[in-house]
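Reviewing the structure listed below.
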Amino acid sequence: MPELPEVETVRRGLNRVTPGAKILGGDLLLDRTIAHPAPGEFIAALTGLTLVTWQRRGKYLLAELQSPATAASGLGKAQLTQAPPSTSYWVVHLRMTGQLLWVDQAEPLAKHTRVRLFFPENRELRFVDTRTFGQMWWVPPDRNLADIIPTLGKLGPEPFSEAFSEDYLADRLQASRRPIKTALLDQTLVAGVGNIYADEALFLSRIRPTTRCDRLSLPQITALRQAVIDVLEKSIGVGGTTFSDFRDVQGLNGNYGGQAWVYGREGEPCLVCGTALDRMRLAGRSSHFCPTCQT
Ligand SMILES: [Zn+2]
């Protein structure tokens, strides 16, 4: 499942190819990919808009779109001349298997292609999604992102932001009796961390996934916060992971997989102490850890 580093890798890849490109049209192949507006309105809503830039919030990708002022509807002529170009957003969540691929229109369609958007010079942005959990929204200029996508409005701080401070994390964790692994997966605590990086960060900070949040010491919380930041930064630096079939917008695979400490290494020796790594189910997810290093 794409986590923050993979989504950030996709964002950077898209920003190398799409800024300034005008959406000429498209084709919707699976209605349920569109969460807002009605599927039948989606392609028409985006057609004619220019892609300004891609942003990321948690695991959401947000494309800022601009329409020519003259394309605004429902406004009088006097207002039109003064109105700035209106900004709307195309928001994409890749969920488990979603991929955005920047391809030539002549490229044969993959079986699980769900949405196609056409750009000048026969270029195309394709959304391919095997498991079909991926979603996208179009948020018109007069609407708030959080109104249309409530979970986006409830996201916790970005791990690289000042808001993800030691004080913030200590306050939140000391008020919770949940296992720390469960808390790390809660997108309202910190945005973008998923199963892979939660396991890796807990190993690096030597904390057992089952440890109750309110029993963590301040030094442990400090170490955990830094480990979350470090493990995400490192993975962004190498272009995402190879734990899944993740591909960047050019269809290339990242290479973080060779450097995993615990994730996916059940039964293999710990790279620090040699103990066989263990795995347990916690809140419905697999947790990988070293029974010796993590206490
Ligand atoms: Zn160990």
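Just follow the structure's listing: the first ligand is 1, and inside any ligand the first atom is 1. Treat the numbers as computed from the prediction; the structure is a model and nothing was measured.
The aromatic ring centres of W137 and Y89 sit 6.0 Å or more apart.
Under a cut-off of 6.0 angstrom, the local environment of CZ in R212 is crowded, with over 12 non-hydrogen atoms contributed by other residues, nucleotides or ligands.
Between K59 and E3 there is no salt bridge, since none of the side-chain N atoms of the basic residue sits less than 4.0 Å from a carboxylate O of the acidic one. The pair R126-E124 counts as a salt bridge, with a side-chain nitrogen and a carboxylate oxygen less than 4.0 angstrom apart.
T275 and T292 share a side-chain donor-acceptor pair at under 3.5 Å. Judged by distance alone, the side chains of T188 and D186 do bring a donor and an acceptor atom under 3.5 Å apart.
The tally of protein N/O/S atoms under 2.8 Å from the Zn ion (ligand 1) stands at 4.
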